[in-house]
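To start, the structure under review is shown below, and the notes come after it.
Every value quoted in this text rests on a predicted model; they were computed, and no experiment measured them. All chains are named by letter (A, B, ...) in the order of the sequence lines, taking the proteins before the strands, and each is independently numbered beginning at 1.
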Amino acid sequence: MMKLNPAQQQAVTYVSGPCLVLAGAGSGKTRVIINKIAYLIQQCGYKARHIAAVTFTNKAAREMRERVAGSLGKAEARGLRISTFHTLGLDMIRAEHKVLGLKPGFSLFDDQDSLALLKELTEAELLEDKDQLQQLVKRISDWKNDLMLPAQAIASARDAQEALQAQLYQRYREHMTAYNALDFDDLIMLPTLLLANDEEVRTRWQSRIRYLLVDEYQDTNTSQYQLVKLLVGERARFTVVGDDDQSIYSWRGAKPQNLVLLGKDFPQLELVKLEENYRSSGRILKAANILIANNPHVYEKRLRSNLGYGEPIRVVSANNEDHEAERVVANLVRHKFMNHANFKDYAILYRGNHQARIFEKALMANRIPYKISGGTSFFSRSEIKDIMAYLRVLVNPDDDNAFLRICNVPKRGMGPATLEKIGRLANSKQISLFAACFDPDFERQLPPQAAETAMIFTRWLVELGDRAVRGDTLEALKEMIRGINYEDHLYDTSPSPKAAEMRMKNVSELYRWITDMLDGDELEEPMTLEQVVTRLTLRDMMERSSDEDEADQVQMMTLHASKGLEFPYVFLVGAEEGLLPHQSSLDEGNVEEERRLAYVGITRAQRELIFTLCKERRQYGEQIKCEPSRFLLELPQDDLEWEARKAKPSAEQRQQSGKTNIAMLRAMLNK
DNA sequence: ACGGCAAGGATTTTT
DNA sequence: TCCTTGCCGT
């Protein structure tokens with residue numbers, strides 16, 4: 001409390017009504033949330049179990065949980081609810097599963113699972129276009145985010161295309177119900193609809209959560225905001241923290257307009273701006289402010305630096321992308337040597353994952369340790385999906401998707417022909433594949449050999465599942481991995497023994513997470529296998545031992561992934577038209593989000609910022625000429641140091657940039 | 001069941 | 001260009 005600035009203090013102590021904290025980059029918003037939770041408990045008489053804080057990422061939730069535990073002590077923090085939106089929804093669904101008509105032990109489908117199911121459903125239709133499949137996925141997600149059930153979607157369809165999509169939405173829903181499965185969007189939609197329609201449930205949750213805090217509010221979508229509104233009710237005791245300038249997920253349904261909506265829905269809203277920045281040098285902040293001023297704003301905000309003015313921002317140009325990577329590495333090495341810095345003080349930020357490869361190559365060639373965050377995630381590796389599918393079947397045998405994945409992996413002679421027959425039986429009786437294997441007709445409709453293998457397998461699973469639920473979960477798990485000879489399977493199917501080894505290491509890693517979660521620790525309660533499986537699908541695993549965090553490695557990630565982080569020295573690479581304002585965003589006329597993305601990147605830097613760009617770049621096999629990003633031209637040129645390599649913007653380009661600014665200003669005034 | 005080859009696609013991806 | 005996907009042949 002002592003160390004808060006006046007604005008932060010106001011944000012913390014205003015508790016009598018709805019509160020919006022506009023928190024600029026690096027303005028100490030997490031601190032405000034932590035302090036506010038403590039203030040609510042210690043000064044305002046709130047019980048910890050009546051307070052909930054929601055974030056978007058598990059990482060953010062975990063960090064918050066740790067910091068609160070550190071400042072409050074374990075006893076006082078007991079019962080405090082700090083989770084992601086999705087985990088909160090999951091908890092609510094679990095508590096209310098009877099009302100929702102769900103059997104306990106339901107499966108959670110991740111995006112890939114849902115996509116696979118939809119693919120299957122659309123195969124019968126004349127929807128062969130993969131583009132149309134993508135559209136369908138998006139449409140269903142949109143419907144769910146707008147809290148529309150299939151019946152409403154069908155009723156409100158405006159054309160044949162939409163009507164077909166609505167029909168498929170309904171079939172999708174039916175299949176999910178049959179599998180006893182939910183997808184990510186359901187985790188928000190179902191609790192929200194339940195609260196909206198059931199007064200008893202609503203008042204129960206409103207009395208359970210009496211103060212609500214929301215982090216990264218600008219990233220909420222419609223249903224998430226509805227959930228917030230329903231949870232806080234008339235009393236409206238809540239604080240949301242957000243920054244419209246850091247809204248970079250609108251392509252995923254985030255509605256930064258929710259910030260404006262909040263003022264309309266709650267006229268008594270208290271607005272607090274955090275404009276003091278504790279992260280970056282004055283020059284970096286000035287650049288960021290000037291850049292983002294090109295976007296229209298509902299709430300004006302200007303970050304002030306507490307630190308010195310700092311070094312000039314450099315713009316390094318290269319002939320092509322290989323040269324770009326070389327120059328970054330050369331600059332980095334020289335800089336590190338002159339400043340006695342560590343590798344982990346440097347970040348290379350880029351727009352698209354594909355850009356990473358070339359930098360990876362250059363770093364490797366120079367024996368520089370690096371770490372790439374993001375990219376193909378742990379959970380999309382096939383070996384992890386396999387084991388997860390096994391676990392899902394143990395917990396929920398009706399999960400046909402998971403069952404299909406594992407029944408012949410490793411190969412046990414349950415090939416397509418057998419499955420086809422089981423599928424037909426299951427279909428005719430309206431039961432799951434697994435249940436079909438226990439049907440009285442099962443043995444009559446299958447060749448003896450096939451029936452035999454299927455029965456041995458399913459009975460083995462039942463036995464394992466029983467054991468896992470009854471008590472010795474760990475033993476059951478161990479036996480399962482041993483029982484399927486998974487290690488042999490990996491060696492059989494991997495291109496090299498080395499790859500198999502890697503994959504087995506991943507499996508062991510997963511196994512370790514599972515055991516940790518089953519056992520629990522001082523911050524987390526022990527979980528049941530059922531809980532472990534859903535939490536893992538939500539990517540919410542316990543912190544693995546921190547040997548990686550300590551390592552001295554150059555940090556590489558996309559601009560999106562960098563949000564919330566900070567680094568002493570930042571290379572923002574590929575600052576070119578078509579790449580940083582990405583071409584597809586230009587096509588859609590959404591430069592503003594790209595500008596925010598650049599803003600996020602710039603404000604990651606604490607001490608120094610270096611942009612790089614190429615004169616030409618190979619794209620889809622052909623060389624294309626590159627122009628400097630318009631964002632570079634929007635920055636204060638006095639603070640930029642263009643590296644002489646003859647890529648200075650021409651007078652014509654400056655003129656162009658000036659024109660667009662005027663056009664934008666006009667657009668703003670017209671609004 | 002698996003390797004070979006052609007075609008197609010190539011932002012971002014908190015859960 | 002270079003990766004993934006899917007189809008086809010053995």
Side-chain angles (χ1 to χ4, degrees), chain A residues 54-63 83-90 108-115 119 128-131 134 137-138 141 144-145 182-189 215-221 223-224 246-254 320-322 349-358 373-377 379-380 382 408-411 413 415-417 492-493 495 534-541 557-565 574 578-588 590 593-594 596-598 600-601 617-624:
Chain A
V54 284
T55 63
F56 276 86
T57 67
N58 293 301
K59 203 172 141 210
R62 201 176 314 116
E63 188 193 329
S83 67
T84 62
F85 265 103
H86 294 265
T87 306
L88 174 64
L90 179 66
L108 191 56
F109 275 28
D110 67 16
D111 290 340
Q112 284 188 43
D113 297 320
S114 307
L115 185 69
K119 208 171 189 172
E128 291 120 20
D129 279 332
K130 46 244 119 177
D131 194 42
Q134 281 308 318
V137 170
K138 176 88 170 63
S141 184
K144 290 190 173 198
N145 288 336
L182 300 177
D183 63 23
F184 285 152
D185 293 327
D186 289 331
L187 294 184
I188 311 295
M189 177 179 76
D215 191 17
E216 305 280 13
Y217 176 77
Q218 76 283 351
D219 290 339
T220 51
N221 61 31
S223 57
Q224 284 160 343
Q246 292 187 70
S247 163
I248 52 175
Y249 284 106
S250 69
W251 51 275
R252 264 193 119 193
N320 56 50
E321 67 265 46
D322 292 309
L349 307 182
Y350 36 80
R351 176 66 234 257
N353 275 313
H354 63 276
Q355 289 172 266
R357 279 192 30 217
I358 228 142
S373 324
T376 345
S377 105
F379 286 89
S380 49
S382 66
N408 209 25
V409 173
K411 301 217 162 25
D492 289 344
T493 54
T534 38
R535 295 295 277 274
L536 280 173
T537 311
L538 288 171
R539 319 279 134 96
D540 182 8
M541 57 285 240
M557 68 195 78
T558 63
L559 287 164
H560 283 90
S562 75
K563 194 171 79 157
L565 305 176
L579 229 196
L580 185 39
H582 196 275
Q583 190 54 49
S584 36
S585 289
L586 293 176
D587 295 342
E588 288 164 31
N590 194 8
E593 180 143 319
E594 297 289 314
R596 290 193 289 269
L597 203 46
V600 165
R617 190 178 280 278
R618 234 187 7 249
Q619 194 176 30
Y620 313 148
E622 55 185 342
Q623 292 287 332
I624 52 159

Taking the nucleotide of DNA chain B with the closest heavy atom to each, which residue, A:Asp185 or A:His560, is nearer the 5' end?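 First, find each residue's nearest nucleotide; the 5'-ward one identifies A:His560.
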Check whether any side-chain nitrogen or oxygen of [X] sits under 4.0 Å from OP1 or OP2 of [N], and answer yes or no.
X: A:Lys138; N: B:dT13; value: no
X: A:Thr87; N: B:dT15; value: no
X: A:Asn353; N: B:dT13; value: yes

Counting any heavy atom closer than 4.0 Å, what does [X] reach on the DNA or RNA strands: base, sugar-phosphate only, or nothing?
X: A:Ser584; answer: base
X: A:Asp219; answer: base
X: A:Gln355; answer: nothing
X: A:Lys563; answer: nothing
X: A:Tyr249; answer: base
X: A:Asp111; answer: base

Under the side chain to side chain contact (heavy atoms under 4.5 Å, CB included) rule, collect the residues that match up with A:Leu586, sequence neighbours excluded.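 Scan of A:Leu586 (side chain to side chain contact (heavy atoms under 4.5 Å, CB included), adjacent residues dropped) gives A:Glu577, A:Pro581, A:Gln583, A:Val591, A:Arg630.
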Rounded to the Å, how far apart are [X] [atom1] and [N] [atom2]?
X: A:Gln246; N: B:dT14; atom1: CD; atom2: C1'; value: 14 Å
X: A:Leu559; N: B:dT14; atom1: CG; atom2: P; value: 14 Å
X: A:Leu115; N: B:dT13; atom1: CG; atom2: P; value: 17 Å
X: A:Glu593; N: B:dT13; atom1: CD; atom2: C1'; value: 12 Å
X: A:Gln112; N: B:dT13; atom1: CD; atom2: P; value: 14 Å
X: A:Ile188; N: B:dT14; atom1: CD1; atom2: P; value: 15 Å
X: A:Arg62; N: B:dT14; atom1: CZ; atom2: P; value: 14 Å
X: A:Lys59; N: B:dT15; atom1: NZ; atom2: P; value: 10 Å

From A:Thr57 OG1 over to A:Arg62 CZ, what is the distance, rounded to the nearest 0.5 angstrom?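 Answer for the OG1-CZ pair, A:Thr57 versus A:Arg62, is 8.5 Å.
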Nearest-0.5 Å distance, CZ of residue A:Arg252 to CG of residue A:Asp219: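 Here the rounded value is 10.0 Å.
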Going by the rule ring-ring contact (aromatic ring centres under 6.0 Å, His included), which residues pair with A:Phe85 if we only count those two or more places apart in sequence or in a different chain?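 So A:Phe85 forms a ring-ring contact (aromatic ring centres under 6.0 Å, His included) with A:Phe56.
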Could I get the full list of ring-ring contact (aromatic ring centres under 6.0 Å, His included) partners for A:His582, not counting sequence neighbours?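 Listed in chain order: nothing, the list is empty.
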Nearest of [options] to any side-chain atom of [X]?
X: A:Phe56; options: B:dT14, B:dA1, B:dT11; result: B:dT14
X: A:Ser585; options: B:dT11, B:dT13, B:dT15; result: B:dT11
X: A:Arg351; options: B:dT11, B:dT15, B:dT13; result: B:dT11

Tell me which one of A:Asp111, A:Asn221, A:Asp183, A:Asp185 satisfies side-chain hydrogen bond (donor to acceptor under 3.5 Å, both in side chains) with A:Ser141.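 One option only clears the test, and that one is A:Asp185.
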Write down the distance separating the C1' atoms in B:dT13 and C:dC2, rounded off to the nearest Å.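 Those two atoms are separated by 22 Å.
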Taking atom C1' in both B:dT12 and C:dT5, what distance in whole Å separates the two?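 Nearest-Å result for B:dT12 against C:dT5 at atom C1': 23 Å.
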Decide, applying a 5.5 Å centre-distance limit and a 30° plane-angle limit (both strict), whether A:His582 stacks on B:dT11.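 Yes; centroid distance and tilt both under limits.
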Do we see A:Trp251 stacking on the base of B:dT12, given a limit of 5.5 Å between centres and 30° between planes?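 Stacked: centres under 5.5 Å apart, planes under 30°.
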Just to verify, what does A:Ser247 make a side-chain hydrogen bond (donor to acceptor under 3.5 Å, both in side chains) with, not counting sequence neighbours?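 Partners of A:Ser247 under the side-chain hydrogen bond (donor to acceptor under 3.5 Å, both in side chains) test: none.
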Among residues at least two apart in sequence or on other chains, which ones pass side-chain hydrogen bond (donor to acceptor under 3.5 Å, both in side chains) with A:Thr534?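 Per chain and number, A:Thr534 pairs via side-chain hydrogen bond (donor to acceptor under 3.5 Å, both in side chains) with A:Arg94.
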With distance as the sole criterion, do the side chain of A:Arg252 and the base of B:dT15 form a donor-acceptor contact below 3.5 Å?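 Answer yes: a donor N or O sits under 3.5 Å from an acceptor.
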Mind checking whether A:His86 and A:Phe184 have parallel, tilted or perpendicular rings, split at 30° and 60°?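 Judged by the thresholds at 30° and 60°, the geometry between A:His86 and A:Phe184 is perpendicular.
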B/S/- contact track for nucleotides 1-10 of chain C, protein heavy atom under 4.0 Å: B-S--S----
